[in-house]
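Values below: every heavy atom of this structure, side chains too, minus hydrogens, waters and symmetry copies.
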Amino acid sequence: MARHLITSALPYINGIKHLGNMVGSMLPADVYSRYLRQRGHDVLYICATDEHGTPAELAAKEQGLPVDEFCAQAHDAQKAVYDGFALAFDYFGRSSSPENREITQHFARRLNENGFIEERSIRQVYSPVDGRFLPDRYVEGTCPHCGYDKARGDQCENCTRVLDPTDLINPRSAISGSTDLEIRETKHLFLLQSKLENEVREWVSKHDKDWPQLASSIAHKWLTEGLHDRAITRDLDWGVPVPADTWPELAAEGKVFYVWFDAPIEYIGATKEWADQDPENRDWKSWWYDVDTDVRYTEFMAKDNVPFHTVMFPATELGVREPWKKVDYVKAFNWLTYYGGKFSTSQKRGVFTDQALDILPADYWRYFLIANAPESDDSSFTWEHFTATVNKDLADTLGNFVNRVLSFSRKRFGDDVPAGGTPGEAEAKLGDEIAALLAEYESHMESLQFRKAAAALRALWSAGNSYLEEKAPWLEIKTDKDGAALTLRTAMNLIHLYAVVSEPFIPATAKTMREAFALADDTATWVTADEVKALTAVPAGTPFTVPPVLFAKLTDEDLETYKTRFGGEPTA
């Protein structure tokens, strides 16, 4: 059985992320990790804050803090939100760690030894007003490809095209806003991607049948346009420094590596951070070095991150000429929009994750986001859709089922699971239906089809309601008390089953459902087809309690409150 290494795109350090970031990387990675653990796999889920580059420096400047202090505070703030969303990282690291510095510098030295790094003189934007060279995101202007007037010097947020600062039309300093910019000569290190293009193309082609079309098509688009040599150093005060033993002149000038060079390496660095906490029992290299047949590596990211993970980072790994683990499967997502407009951290448009948790518990958001994940196309968040989904799926289909089964049983039979009755045709039919739906659910989870998995989970919940309506224990008890006991006991076993299989989506609610039953030895991590058909995990006589309402129905007043606070349409 292969071990599973899972990473989600590193969230930038500059501020709390919005719901689009959550559903585009970290949340589906968490759902998948939880599912694999429940199925008995050895899983390592790694993530970290991406702390280098201009976003960190600009955000620190805005808050009047030293950049290292700002990053430490922002890391803790982001981690608190992810804890609130119940993201079960095995480790959530920091790209500013000594481990990442060590490994990034090692990669650079090896690339240099192998002839894939070259020092070049280039002409770069310089701001006399700011008294410094302006790297990538320190320059803003109009994208030459799509005309977006807030494009950054590294990438256009609108069309996702990768840019250089000198490409921008009407450029301005992101520090001072000055348009009095000059072009001066300076030296930087370049990764010679052109020399690695054929190897990258061959490697990507091996995954054409495996990767989702979105990931594969973006990778091939870059390759079709040709891989260009790319500067991998910047003039910044904060970042992984160029090692002085290899490039003494650039090190003396304070050059640091480009954030998109060191950030993917942080997946490895964070794993080493994890291992360094318990070196006697954790071996980071066993997950990353010479493990192609032993470890299956899955990456989760939104589509704007795909080029760096399918082309640039693999080129880096290929160029070091060492057996570092490369990704097996890239789960790429389109964008979640806000009423058709883009969520934007920089422009503070849309619902942010800390705000979401202030409104409702995490399970409301986890279920809605995964059930509407932007897999095949962009999907739109609206408060109307959110409210309808919560009410129909969570409150009515699941929550109401649990409440009415347990409440009615306690009222008519007391605080123990009722005994009596022999399973018959209805129970056999239910067992077959649940087994089939569970197999469908498992299949979609295995293939990382999250919307389909959510639909199968919803169908599992609905099957319980259909069974309950068919048997109608509130009528059955009038003529056949044992029959009603059987119906309720069967429904209680469904509740326990739902607790087990719903855990990847709604872990807090799953825990509440499971704890409703005082089982002496409840160690089930999953449910087999035979166990589904038998539905005997919760035997007669088991004490139970009726939990609080699992999901509150959202009212028209709630809807209007949310729309008033956040707006019913995107900001222009």
Side-chain angles (χ1 to χ4, degrees), residues 392-438 440-441 456-503 505-506 509-520 522 524 526-551 553:
K392 180 180 177 183
D393 295 356
L394 297 179
D396 288 344
T397 304
L398 178 61
N400 187 51
F401 176 79
V402 172
N403 182 264
R404 64 176 175 162
V405 167
L406 297 181
S407 296
F408 183 73
S409 187
R410 184 178 64 178
K411 179 180 179 180
R412 303 308 296 266
F413 291 97
D415 293 330
D416 294 339
V417 175
T422 302
E425 183 179 342
E427 286 69 39
K429 176 184 174 185
L430 173 67
D432 290 339
E433 181 182 7
I434 294 293
L437 289 171
L438 181 61
E440 182 181 340
Y441 176 59
L457 181 60
R458 186 188 311 119
L460 279 165
W461 299 341
S462 294
N465 283 278
S466 297
Y467 170 75
L468 206 63
E469 291 299 322
E470 177 186 346
K471 293 296 293 288
W474 49 89
L475 298 177
E476 194 176 20
I477 197 168
K478 297 176 181 179
T479 58
D480 185 357
K481 188 174 182 179
D482 282 350
L486 167 66
T487 300
L488 292 169
R489 187 170 67 252
T490 302
M492 290 182 183
N493 272 276
L494 285 177
I495 293 171
H496 183 269
L497 181 147
Y498 295 160
V500 174
V501 303
S502 302
E503 192 268 343
F505 281 70
I506 47 173
T509 306
K511 184 173 185 287
T512 298
M513 288 192 289
R514 184 178 284 222
E515 290 178 348
F517 304 102
L519 293 168
D522 187 9
W526 204 248
V527 186
T528 68
D530 287 342
E531 289 170 337
V532 168
K533 292 180 179 182
L535 289 175
T536 56
V538 182
T542 302
F544 72 90
T545 57
V546 181
V549 173
L550 297 181
F551 295 98
K553 292 196 75 166

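For the atom pair Ile495 CD1 and Thr512 OG1, the distance stands at 12.5 Å (nearest 0.5 Å). Leu468 CG to Phe408 CZ: the interatomic distance, rounded to the nearest 0.5 Å, is 9.5 Å. The distance from the OG atom of Ser466 to the CZ atom of Phe401 is 10.0 Å, given to the nearest 0.5 Å. Atom-to-atom distance recorded for Asp396:CG and Trp461:CH2 is 12.0 Å, nearest 0.5 angstrom. Taking CG from Leu398 and CG from Asn465, the interatomic distance works out to 8.5 Å, rounded to the nearest 0.5 Å. If you take OG1 on Thr509 and CG on Leu550, they are separated by 6.0 Å, rounding to the nearest 0.5 Å.
Ala485 and Ala419 make their closest contact through CB-O, 3.2 Å (heavy atoms, listed as atom of the first residue, atom of the second, distance). When all heavy atoms of Thr545 and Leu406 are compared, the pair lying nearest together is O-CD1, 3.7 Å. Considering all non-hydrogen atoms of both residues, Asn493 and Ala537 come closest at OD1-N, 2.8 Å. In this structure, Lys392 and Thr397 approach most closely via the heavy-atom pair O-OG1, 2.7 Å. Residues Ala456 and Leu437 approach most closely at CB-O, 4.3 Å, considering heavy atoms. Closest heavy-atom contact between Met492 and Phe517: O-CZ, 3.6 Å.
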Item to complete: Just do the side chain to side chain contact (heavy atoms under 4.5 Å, CB included) check on Trp474 and Arg412 with the steps written out, would you?
Response: CA-CA 9 Å; Trp474 49 89; Arg412 303 308 296 266; over 6 Å; no
Item to complete: Under the salt bridge (Lys or Arg N to Asp or Glu O under 4.0 Å) rule, what do Arg404 and Glu469 come out as? Steps first, then yes or no, please.
Response: CA-CA 12 Å; Arg404 64 176 175 162; Glu469 291 299 322; 2.9 Å; yes
Worksheet entry | side chain to side chain contact (heavy atoms under 4.5 Å, CB included) between Phe551 and Asp393, worked out | CA-CA 10 Å; Phe551 295 98; Asp393 295 356; over 6 Å; no
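For the pair Tyr441 (side chain) and Leu460 (backbone), a donor-acceptor distance under 3.5 Å is absent. Judged purely by atom type and a 3.5 angstrom limit, Ser409 has no side-chain atom pairing as donor or acceptor with the backbone of Val405. Between the side chain of Thr542 and the backbone N or O of Pro539 there is at least one donor-acceptor pair closer than 3.5 Å.
Side-chain contact check for Lys429 versus Tyr467: every heavy-atom pair is 4.5 Å or farther apart. You'll find the side chain of Asn403 reaches within 4.5 Å of the side chain of Val546, heavy atoms only.
Among Arg410, His496, Glu515, the single residue meeting the side chain to side chain contact (heavy atoms under 4.5 Å, CB included) criterion with Phe544 is Arg410. Partner of Glu427 under the salt bridge (charged side-chain N to carboxylate O under 4.0 Å, His left out) criterion, out of Lys471, Arg489, Lys533: Lys471 alone.
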